[in-house]
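Note sheet for the following structure.
The first residue in the sequence is number 1, and the count goes up from there.
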Amino acid sequence: MDTLWEWLIVAGAVLAVVVGLGVAFLRPGRGAPERQLPTPPKPEPSGDEGGGGVLAPPRPTPTPTPTVPSTPTAPPVEEDVFVEDVLDTPVLDRPDTAVGRLQRLRARLARSNTALGKGLLNLLTRGGLDETVWEEVEDTLISADLGIEASTELVEALRTQVKVAGTRDEASVRGWLRQDLLRLVDPRMDRAIASSRIGDRPAVVLVVGVNGTGKTTTVGKLARVLVSEDKDVLLGAADTFRAAAADQLETWGARVGVPTVRSARDGADPAAVAFDAVKAGIENEVDVVLLDTAGRLHNKTNLMDELGKIKRVVEKQSPIDEVLLVLDATTGQNGLRQAEVFAQVVGITGIVLTKLDGTAKGGIVVAVQRKLGVPVKLVGLGEGPDDLAPFDPEQFVDAIVA
């Protein structure tokens, strides 16, 4: 019996300890964390009641407005002072004026034609002007590409003047020679280039010639001449057979700010390119359209027929005001036959003599004008970009007899 009580006492003690531990575990701060109950909102008085137990609806929390940082005002920028524009703007050439070109014309012609002038003066001022001397004078003129007819005419005029005056002093002979040469060159011919708008369209200039005369280069240099005169120019690259021709012409134009109309492919129809160029010139209201054409041999009928086709196609939308034939001055009399054929096909209105300096013989000016009845309008004096000048008869003759 005593043992039973001892077990009951021990069991009660153990039970008391277990209950105590459970109570301690359930208290906040010890064992499990204390549960936080939500706090009920405090009642707010109604606007009408001034107090009472009716809860007003909760006020919406306003959305905060984001703060936009103030942008400092940039200082005003002056127009036309943008670095990008300055860097992107191409630097254009400034073509030489006509005055500068003419000065070089006389200087270079004097160098190339000195032999002609001095030879004639030496013959005419020495004693004993017999038939042999006059034949030498005539031979000198013919060798200078003046042509037989013009040479004979000049010799007869000089013989008459020497006989009438009865003198052969150098000053008198030089004056007679200058007068007679100037008459042969004919300063009365109109040497102006068609380069101004005619009504509501631009002037149209077609440039033709045989291979190797410097035609494309001449067109580029002519553009420079016209730009120096404040003309608005457009180029047409109708030489579609030579691969580099359009690129070459475009480069010439870009140097002075002149646009070029060209085909996107080699071998395109040159008449179509010429037509498009004139159309663009009309739409853009330029002053003059310069059309470069492929060089062609004058004795090739199919090539000459194609040149005639270009002219006809262009004239469907605009008349052609100028047809310039580019001739190599060093070919002399050989170039006259070329000129005749081109004149028959497209109607030449003016001559451009290239390579007149150096070995060229100045008499070709007289010969080609007499043969075709059209004036020499421009002369090429060298390889420089501004070595193309308007032809001035008086300066030309003065350079010969200087």
TODO: List the steps and the verdict of side-chain contact (heavy atoms from CB on, under 4.5 Å) for Thr217 and Thr354.
DONE: CA-CA 10 Å; Thr217 299; Thr354 62; over 6 Å; no
- Query: Any side-chain heavy atom of Pro319 within less than 4.5 Å of one from Val204?
  - Reply: no
ask   = Do side-chain atoms of Thr349 reach the backbone of Val323 as a donor and acceptor pair under 3.5 angstrom?
value = yes
Rounded to the nearest 0.5 angstrom, the CZ-CZ distance for Arg312 and Phe275 is 14.5 Å
Below 4.5 Å, heavy atoms only, C-beta onward: do Phe396 and Val376 meet side chain to side chain? no
Heavy-atom nearest pair, Ala274 first then Val314, reads CB-CG2, 3.6 Å
Ile282 and Pro202 have their tightest heavy-atom pair at CG1-CD, 3.7 Å
Checking Asp247, Thr240, Asp292 against Arg262 for side chain to side chain donor-acceptor pair (under 3.5 Å), the one that qualifies is Asp247
CG of Leu177 to CD of Gln161, rounded to nearest 0.5 Å, is 9.5 Å
Minimal heavy-atom distance between Ala157 and Arg183, with the atoms involved, is CB-NH2, 4.0 Å
Would you say the side chain of Thr260 lies within less than 4.5 Å of the side chain of Trp252, judging by non-hydrogen atoms?
no
Do Asp190 and Pro375 have side-chain heavy atoms sitting under 4.5 Å apart? no
Q. Could Lys221 and Asp387 be called an ion pair, given the rule that one side-chain N must be under 4.0 Å from one carboxylate O?
A. no
Quiz prompt | side-chain contact (heavy atoms from CB on, under 4.5 Å) evaluation trace for Leu388 with Val352 | solution = CA-CA 9 Å; Leu388 183 74; Val352 181; 4.0 Å; yes
Tightest non-hydrogen contact, residues Ser263 and Val273, listed as CB-CG2, 3.8 Å
side-chain contact (heavy atoms from CB on, under 4.5 Å), that's the test. Do Thr213 and Leu325 meet it? Break it down for me. CA-CA 10 Å; Thr213 57; Leu325 173 64; over 6 Å; no
Problem - Criterion side-chain contact (heavy atoms from CB on, under 4.5 Å) on Ile148 and Ile142, from CA distance to verdict - result: CA-CA 6 Å; Ile148 296 177; Ile142 293 174; 4.2 Å; yes
request  = Please say whether more than 12 non-hydrogen atoms of neighbouring residues, nucleotides or ligands are located less than 6.0 Å from CD in Glu340.
outcome  = yes
In this structure, CG of Leu182 is separated from CZ of Arg188 (nearest 0.5 Å) by 10.5 Å
Note to self: Is any side-chain heavy atom of Arg201 closer than 4.5 Å to one of Asp321?
What the structure shows: yes
Between Lys215 and Ala294 the two heavy atoms that sit nearest each other are NZ-C, 3.7 Å
Value for CD (Gln179) from CG (Leu184), rounded to nearest 0.5 Å, stands at 11.0 Å
Quiz item: Below 4.5 Å, heavy atoms only, C-beta onward: do Phe342 and Leu307 meet side chain to side chain?
Solution: yes
Separation between CG (Leu146) and OG1 (Thr140), nearest 0.5 Å, reads 11.0 Å
In this structure, CG of Asp328 is separated from CG of Asn211 (nearest 0.5 Å) by 12.0 Å
Tightest non-hydrogen contact, residues Val346 and Lys311, listed as O-CE, 3.2 Å
4.5 Å side-chain heavy-atom contact, Val185 and Val366: yes
- Would you mind reporting whether Val326 and Leu378 have side-chain heavy atoms less than 4.5 Å apart? no
task = Measure from the side-chain N and O atoms of Asp232 to the backbone N and O of Val286, and report whether any donor-acceptor pair falls under 3.5 Å.
result = no
Salt bridge (Lys or Arg N to Asp or Glu O under 4.0 Å) test vs Arg159 passes for just one of Glu131, Glu153, Glu138, Glu135, namely Glu131
Please determine whether side chain to side chain donor-acceptor pair (under 3.5 Å) holds for the pair Lys231 and Ser196, giving the CA-CA distance in whole Å, both sets of side-chain angles, and the decisive distance to 0.1 Å. CA-CA 8 Å; Lys231 299 296 184 181; Ser196 299; 2.8 Å; yes
